S.K.: 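Quick one: structure below, then a few questions.
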Amino acid sequence: FTQDRIRNFSIIAHIDHGKSTLADRLLELTGTIKERADNKQVLDKLVVERERGITVKAQTVSMFFEHYGQRYLLNLIDTPMHKDRNVKLGTRFKGHVDFSYEVSRSLAATQGCLLLVDAAQGVQAQTVANFHLAKKQGLKIIPVLNKIDLHGAEIHRVASEVKSLGMAREPLQISAKTRLNIEQILPAVIEYIPPPTGSRTSPFRSLLFDSWYDKYKGVICLMSIKDGVLRQGDKIQSVHSGQKYDVTELGIMHPEQTPTKQLYAGQVGYVVCSMRSASEAKVGDTFARVGSRVEPLPGFEAAKAMVYAGIFPVDTNDFQKLDESIKKLTLNDSSVSVSKETSTALGQGWRLGFLGTLHMDVFRQRLEQEYEANIIVTQPTVPYKVIRKGGNVKYIRNPIEFPSLDDTSRSVAELQEPMVLATMVFPEEYLGSLMDLCGARRGEQVDYGYLDETRVLMKYRLPLAEVVTDFFDELKSRSSGYATFDYEEDGYQKSDLVKMSVLLNSKPVDALSVILHRSQVEFVGRDWVKRLKNVIQRQLFEIIIQTTVGNKVIARETIPPMRKDVTAKLYGGDVTRKMKLLEKQKAGKKRMKKIGNVELPQSAFYDFMGSK
Ligand code: GDP
Ligand code: MG
C-alpha cells in the first residue's frame, strides 16, 4: 500500500453515543469480522468491559476497503475511555471520562476522525471536549449523527448544534444499529481525511500510542510508523529512555494480531520487542533505529497521575498476594504509578497514582473482584505543590509529606493546588443550581452560552480536589441526570491549604490525615468525627476522637467505656468456654492496630472509608 492508499482515523463521541457499535459495523462492512445477529460488541474485548461497558484498553484495527476500484488500508484507532453506563461503582454515578490525556495520544496517531453524536441526545460535554482535542491537533473532523432510527431523534436541531461548535461540514446521518447509511462512512473517510505524511525512505521513526501485556508474548506496543520501514530483527531504541530493543514480531491488528514482514511509513501496527515491563512502553514515546539520530515526535509527556491514594490489605496476611495482584494489574496499565507506603495505623501498603477517580475505581474494583482482595483505600489526594522560599518546588502526593506549621512559616513561599477546566452541558432550567454548585466548589466561570434554544454549554475553572470528591454525583443529582461533564487539567493556583489530622486519645492516625482548603475544614472535621464514632467499638476506657489543624481542635466526639468485662456473664464453673472466648479475643487482637492505647481492627478503617 502506497501512502495515499492509507487512512488513519478514529471515532470520538460522548459515552453511549454508539462508538463501539459503529466500529463493529465498519469491521463487518469490510469483512474484517463476520456479521453477527446478537449485537455483541467485538471491539470491547475485555470481559470487564463487556459486562460493565467500561472501555479499559484501546482497540485498534486495520481494515481493507475498495473504493472506485482501488484497495485502501484503513486503520481505525480507538481512543480509550474509562466509562461506565450500567452500574454505579459504590454509591457514585459514573459516566465521565478522566483520560483526555490518553485520548489525545491516540489522536496523534491519526489524521482525522469521525465525531459521532447521538441524534436524540445532542451534543454533550465529551462531544465538546473531544472536538476541541481533535481541533487542537489539526485533524479533519467528519461529523456523524447516529441513532437516527430513534423516534426521539432530532436531526435538525442536533445538526445545528454540531454546526455551532464550528464544523462546516454537513453531518452524515446514520443508524449504527440498523445499519442505515453506514456505507457512506468509509468513502467519506477516504475522501475527506488526508493520507499520512512521512517518507518511506527517511530513517525509521515511530510513535508509541498504546501498549498492553500478553501472557505469552510479553509487552505488545501499538505504534504508528511515521517514517521509514520497520522489520523483524531490527534493533530499535526509545528516544525518551535510550533503552534498546530487538523487534521479535510485528504486524497489523486484523482484528487479531496478524504478523507481517514489515510496517511502512503511514501504517499502524503492533510491535513486540523484548520489553520486560509495560512501564517501559511510554505512551507518546518516539522509537528510532539504534544508532540513527532522529527528531523526537512532538508532544511527549508522561501520563500524569491526578489522584493518589494509599491501598492497604484489610488482613495484613494478604500483603504478598495483593502485591502480586497489583503487579499484574499494572502490567496492563502503565498509567498507574506505584510506590510502597508504610503507615503506622495500617501497616505496609502502596501509594498508587491514577489519571482520575474513575480510573481509581475501576482499578479498585478489578482488584477486589478479579483478584478477590480485601483492601482499604484511603481518602484520595491530588498532587499539591509546595514552593519553598528559595524557589525549590516539591509535589505532595501523601498528606504525611505536608509541611508542618513551623516549617511553613519558616520556609514555604506558597502552596498551590491543581486546577481543571470543566465543560458542562445541560438543559437551561438547571443553570442556577449548577452555578451554585460550582460556586460552592470554589469554581470560577470561564465561559457560558447556549448550544440551542434550551441547552447550555458552561465552562468553569475548578480545583481538581473539588472535582475528584463527589462533584459528578452532585452534578447528576442536581440536574436529574441530564448534565454531562468532562474536564481537562489547567495548571496550578495559589491556595490556602492545611493538613487536618485525626487523633484518638491524643494520638494521630497517620492514614487518616488529609489536605484540605481552609474553608472546608469545619465541615469535614465535624463529619469525620461523627463517622469515626460509628465505626469504632467501645473499649474498656473512654476514647476521644478529635480532628485538628495544627494545635486547633476542629471537632470532637467521645466513645464511652464498656461497662463490664465480657467474660463476666459466663458462669465461674465453665472454664473451657471462658478459655475459648479468651483465645478468640487473642486471635482477633493479632489483626488489631494500636493507636496509642486504642485498639482498632483494620476493618474499622475499611468501614470508615466506605461510610458516608
Ligand atoms: P459507546 O459508549 O459510544 O461505545 O456506545 P455503544 O456502541 O456501546 O452504544 C451505546 C448504546 O446505544 C447501546 O445500547 C447500543 O446498542 C445503542 N446504539 C448504538 N447505535 C445505535 C443506533 O444507531 N440506534 C439505536 N437505537 N441505538 C444504538
Ligand atoms: Mg464503547
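Read the numbers this way: they start at 1 and go in the same order the structure lists the ligands and their atoms. The model shown is predicted, which means the values in this text are computed figures rather than measured ones.
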S.K.: Closer than 4.0 Å to some heavy atom of Lys19 - which atoms of ligand 1 meet that?
M.R.: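 Listed by number with element: 1 (P), 3 (O), 4 (O), 5 (O), 7 (O).
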S.K.: Relative to the heavy atoms of Asp149, which atoms of ligand 1 are at a distance of less than 4.0 Å?
M.R.: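 Atoms satisfying the 4.0 Å criterion: 22 (C), 23 (O), 24 (N), 25 (C), 26 (N).
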S.K.: Judged by modelled atom types alone, do Tyr264 and Gln3 share a side-chain donor-acceptor pair under 3.5 Å?
M.R.: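 No donor-acceptor contact under 3.5 Å links the two side chains.
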S.K.: I'd like to know whether the aromatic ring centres of Tyr192 and Phe9 sit less than 6.0 Å apart in this structure.
M.R.: no
S.K.: Pull out every atom of ligand 1 sitting under 4.0 Å from any heavy atom of Ser175, numbered as shown with elements.
M.R.: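 Atoms satisfying the 4.0 Å criterion: 22 (C), 23 (O), 24 (N).
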S.K.: Does any N/O atom on Ala176 come nearer than 3.5 Å to any N/O atom on ligand 1?
M.R.: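 Yes; at least one N/O pair falls below 3.5 Å.
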S.K.: Counting only heavy atoms closer than 4.0 Å, does ligand 1 sit against the backbone of Ser20, its side chain, both, or neither?
M.R.: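 Under 4.0 Å from ligand 1, Ser20 contributes backbone and side-chain atoms.
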S.K.: For atom 16 (O) of ligand 1, state which one of Leu150, Asp24, Thr21, Leu116 supplies the nearest heavy atom.
M.R.: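 That would be Thr21.
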S.K.: Parallel, tilted or perpendicular: which fits the ring planes of Phe485 and Phe471, with parallel below 30° and perpendicular above 60°?
M.R.: tilted
S.K.: Over all heavy atoms of both residues, which pair between Met275 and Ala281 is shortest? Give the atoms and the distance, please.
M.R.: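 In this case the closest contact between Met275 and Ala281 is SD-CB, 3.8 Å.
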S.K.: Below the 3.5 angstrom mark, is there an N/O of Thr178, backbone or side chain, next to an N/O of ligand 1?
M.R.: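 No, Thr178 has no N/O under 3.5 Å of an N/O on ligand 1.
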S.K.: Test Val268 against Ile252 for side-chain contact (heavy atoms from CB on, under 4.5 Å), laying out the working first.
M.R.: CA-CA 7 Å; Val268 165; Ile252 59 171; over 6 Å; no
S.K.: Only heavy atoms count here, so choose which of His14, Arg25, Lys147, His17 is nearest to atom 18 (N) of ligand 1.
M.R.: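 When every heavy atom of His14, Arg25, Lys147, His17 is considered, Lys147 comes closest to atom 18 (N) of ligand 1.
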S.K.: Could you walk me through whether Asp118 and His14 satisfy the side-chain contact (heavy atoms from CB on, under 4.5 Å) test, starting with their C-alpha distance in whole Å, then the side-chain angles of each, then the deciding distance to 0.1 Å, before giving a yes or no?
M.R.: CA-CA 8 Å; Asp118 183 323; His14 190 81; over 6 Å; no
S.K.: For Gly18 and ligand 1, does the shortest N/O to N/O distance drop below 3.5 Å?
M.R.: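 Such a contact does occur with ligand 1.
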S.K.: Using a strict threshold of under 4.0 Å (side-chain N to carboxylate O), is an ion pair present between Arg441 and Glu474?
M.R.: no
